[in-house]
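Note: hydrogens, waters and symmetry copies are ignored here, and every other heavy atom, side chains too, is used. Computed from a prediction, not measured in an experiment: that's the story for all the values here.
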There are 2 protein chains.
Amino acid sequence: MIIEALGERTLRFSELRDEVEGISHKMLTQNLRMLERNGLAERKVHPTVPPRVEYTLTKPGRALRATVDGMCDWTHEYFGRIEAARRRFDDG
Amino acid sequence: MIIEALGERTLRFSELRDEVEGISHKMLTQNLRMLERNGLAERKVHPTVPPRVEYTLTKPGRALRATVDGMCDWTHEYFGRIEAARRRFDDG
DNA sequence: CTGTATCCGGTTTGATACTG
DNA sequence: CAGTATCAAACCGGATACAG
């Protein structure tokens, strides 16, 4: 998730692309636009050459990240049980 | 979300169908299977006629529900700002 | 009532090519 | 480097029909 990748940091487009592994150029752009539109991330363009565009989470964005972290905690806590349940289900 | 609908209760298939408004028969079945497979919900079949199947959240499921509640809280807290940001973005 | 199987149109996505 | 446009392929969800 882009929100997790950003965290408290400020990252460039290509840095995010590397960070969020597996995401396509197109999806990254699309999601960043969405975050920007909803005021969750801020986009800062440096008018240099080559272009440099940086993204940072806003206050709402960081708050959302906190709740997402809750999900991550849940995963760490229960992922083992989930895999076990999955095996039980798939077998018998 | 089914998880929210279930909450602390035990509900029948058709009760869930009514509770989670707009969900199709197919999606409900599919999601319930997923929850069951991952050990997030428990499925109890009463071998009567007509059939009676009840669903309850397991401990991991209830824990997940707690984090989902976190998301809901976030939404209540920030939805106003999001809409405002959206308007600003769409305008200028 | 609960559940599975099939079909089918709309959406989404990655690949690719192109611009400033 | 960052971003847009386009197009075919894959995916998904709803509707429907049918079964236990």
Problem - Remaining members of the apolar cluster that contains Met34(A), side-chain heavy atoms under 4.5 Å - result: none
Exercise for the section: State, to 0.1 Å, how close Val68(B) and Glu4(B) come at their nearest heavy-atom pair, and which atoms those are. Expected result: CG1-OE2, 3.4 Å
Fill in the blank from the handout: Residues of residues 4-12 of chain A with a heavy atom under 4.0 Å from any atom of DNA chain C, listed by number, are none
Handout entry: His25(B) side chain near Arg17(B) side chain, heavy-atom distance below 4.5 Å
Key = yes
Exercise for the section: Taking only Lys NZ, Arg NE, NH1 and NH2, and the carboxylate oxygens of Asp or Glu, determine whether Glu19(A) and Arg9(A) approach each other closer than 4.0 Å. Expected result: yes
Completion exercise
Taking five pairs at each terminus, the helix from dC1(C)-dG20(D) to dG20(C)-dC1(D) shows an axis bend, to 10°, of 40°
Practice task
Remember a base hit wins even if backbone is also touched, and classify Arg33(B) as base, sugar-phosphate or nothing at under 4.0 Å, heavy atoms.
Solution key: sugar-phosphate
Problem - Intermediate values then yes/no, side chain to side chain contact (heavy atoms under 4.5 Å, CB included), Val53(A) and Arg43(A) - result: CA-CA 7 Å; Val53(A) 183; Arg43(A) 180 167 178 269; 3.8 Å; yes
Exercise for the section: May I ask you to test the Tyr78(B)-Lys59(A) pair for a side-chain heavy-atom distance under 4.5 Å? Expected result: yes
Practice task
For Arg43(A), report the nucleic acid contact type (base, sugar-phosphate, nothing); a contact means any heavy atom under 4.0 Å.
Solution key: sugar-phosphate
Exercise for the section: Answer yes or no: is there a side-chain heavy-atom contact under 4.5 Å between Lys44(A) and Thr56(A)? Expected result: no
Completion exercise
First and last nt of DNA chain D near chain B, cut-off under 4.0 Å to heavy atoms, 5' to 3', are dG13(D) to dG20(D)
Completion exercise
Of Leu40(B), Thr58(B), Asp69(B), the one forming a side-chain contact (heavy atoms from CB on, under 4.5 Å) with Leu64(B) is Leu40(B)
Fill in the blank from the handout: With sequence neighbours left out, the residues meeting ring-ring contact (aromatic ring centres under 6.0 Å, His included) with His46(B) are none
Fill in the blank from the handout: Here the gap from Glu54(A) atom CD to Leu16(A) atom CG, rounded to the nearest 0.5 Å, amounts to 10.5 Å
Using a cut-off of under 3.5 Å, enumerate the N/O to N/O pairs linking the protein to nucleotides 13-20 of chain C.
unit_1: dG14(C); atom_1: OP2; unit_2: Ser24(A); atom_2: OG; d: 2.9
unit_1: dG14(C); atom_1: N7; unit_2: Lys26(A); atom_2: NZ; d: 3.3
unit_1: dG14(C); atom_1: O6; unit_2: Lys26(A); atom_2: NZ; d: 2.1

Problem - Heavy-atom check, side chain of Asp73(B) versus side chain of Thr67(A), under 4.5 Å - result: no
Practice task
Check whether any side-chain heavy atom of Tyr55(A) lies under 4.5 Å from a side-chain heavy atom of Leu35(A), and answer yes or no.
Solution key: no
Problem - For atom CD of Glu54(B) and atom P of dC1(C), their distance in whole Å - result: 15 Å
Practice task
For the residue pair Leu57(B) and Arg65(B), establish whether any side-chain heavy-atom pair is separated by less than 4.5 Å.
Solution key: yes
